[in-house]
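Notes for the one structure printed next.
The shown structure was predicted, so the numbers you read here are calculated from the model rather than taken from an experiment.
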Amino acid sequence: MSRVFIALQSNEETRCIVDALVLDNPQAHVDHQPAMVRVSAEDRLVLRKDSVEQTLGRPFDMQSIHVHIVTLGGHVDEEDDALTICWNH
């Protein structure tokens, strides 16, 4: 198995995004580092729009996540309602 990850700037909005990532991926590991938060998991991470909206308490445009991304590891599949990071085997 291979680990995938996403690292986000540490700010008010990304705290809700990280909460949504953990909600969607209970097996995920969260590593708080200076100025960023790294979330990793085996094989796949999924971020669902409805989970982000639930944690933010307002509508969320999935494209706006790009402003917060520092780096990521894995192949990215973007849809209107979800972002998936995985390794294609």
Side-chain angles (χ1 to χ4, degrees):
M1 290 203 258
S2 300
R3 292 192 75 77
V4 297
F5 70 90
I6 187 169
L8 303 164
Q9 296 174 10
S10 184
N11 60 46
E12 195 67 34
E13 190 165 74
T14 58
R15 278 190 274 281
C16 294
I17 294 170
V18 169
D19 289 346
L21 275 163
V22 171
L23 185 65
D24 291 338
N25 307 275
Q27 80 288 1
H29 173 75
V30 178
D31 181 19
H32 294 272
Q33 300 175 5
M36 71 177 198
V37 179
R38 182 178 179 190
V39 181
S40 62
E42 291 294 329
D43 293 324
R44 169 182 303 265
L45 276 171
V46 177
L47 178 65
R48 292 179 179 82
K49 179 180 179 174
D50 59 343
S51 298
V52 179
E53 291 177 341
Q54 177 184 342
T55 59
L56 274 175
R58 62 173 171 79
F60 181 74
D61 177 3
M62 289 297 286
Q63 291 297 311
S64 69
I65 193 169
H66 293 281
V67 174
H68 305 290
I69 295 175
V70 174
T71 188
L72 52 84
H75 297 270
V76 178
D77 181 22
E78 291 184 85
E79 298 176 16
D80 292 338
D81 61 348
L83 173 82
T84 303
I85 304 170
C86 65
W87 289 114
N88 296 336
H89 298 288

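- The hydrophobic clustering, which links ILVMFWY residues whose side-chain heavy atoms are closer than 4.5 Å, places Met36 and Val4 apart.
- With values rounded to the nearest 0.5 angstrom, Lys49 atom NZ is found 12.5 Å from Ile65 atom CD1.
- Under a 3.5 Å cut-off, the side chain of Thr14 and the backbone N or O of Gln9 do form a donor-acceptor pair.
- Here Arg38 pairs with nothing under the salt bridge (Lys or Arg N to Asp or Glu O under 4.0 Å) rule; sequence neighbours left out.
- Taking NE2 of His29 as the start and CD of Glu42 as the end, the distance is 11.5 Å to the nearest 0.5 Å.
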For residues 75-83, tabulate all N or O donor-acceptor pairs below 3.5 Å that involve a side-chain atom, not counting sequence neighbours.
| unit_1 | atom_1 | unit_2 | atom_2 | d |
| --- | --- | --- | --- | --- |
| Glu78 | OE1 | His66 | NE2 | 2.7 |

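- Note: Thr55 OG1 to Leu21 CG = 9.0 Å, rounded to the nearest 0.5 Å.
- Note that SG of Cys16 is 12.0 Å distant from CG of Leu23, once rounded to the nearest 0.5 Å.
- Distance CD1/Ile17 to CG/Leu56: 6.5 Å, rounded to 0.5 Å.
- Taking all atoms of both residues into account, the shortest heavy-atom contact from Asp24 to Arg48 is OD2-N, 2.8 Å.
- Closest approach of Gln27 to Ala41, counting heavy atoms only: NE2-CB, 3.8 Å.
- Contact between Ser2 and Trp87 at its shortest, heavy atoms only, is CB-CD1, 3.4 Å.
- Summarising the geometry of Leu8 relative to Val70, their closest heavy-atom pair is C-CG2, 3.9 Å, with the distance given to 0.1 Å.
- When hydrophobic clusters are built by joining Ile, Leu, Val, Met, Phe, Trp and Tyr residues whose side-chain heavy atoms come closer than 4.5 Å, directly or via intermediates, Val39 is not grouped with Val46.
- Nearest heavy-atom pair across Ile85 and Gly74 is CG2-CA, 3.8 Å.
- Between Ser40 and Leu45, the closest heavy-atom pair is CA-CD1, 4.3 Å.
- Just one of Thr71, Val67, Leu72 meets the side-chain contact (heavy atoms from CB on, under 4.5 Å) condition when paired with Ile69; it is Leu72.
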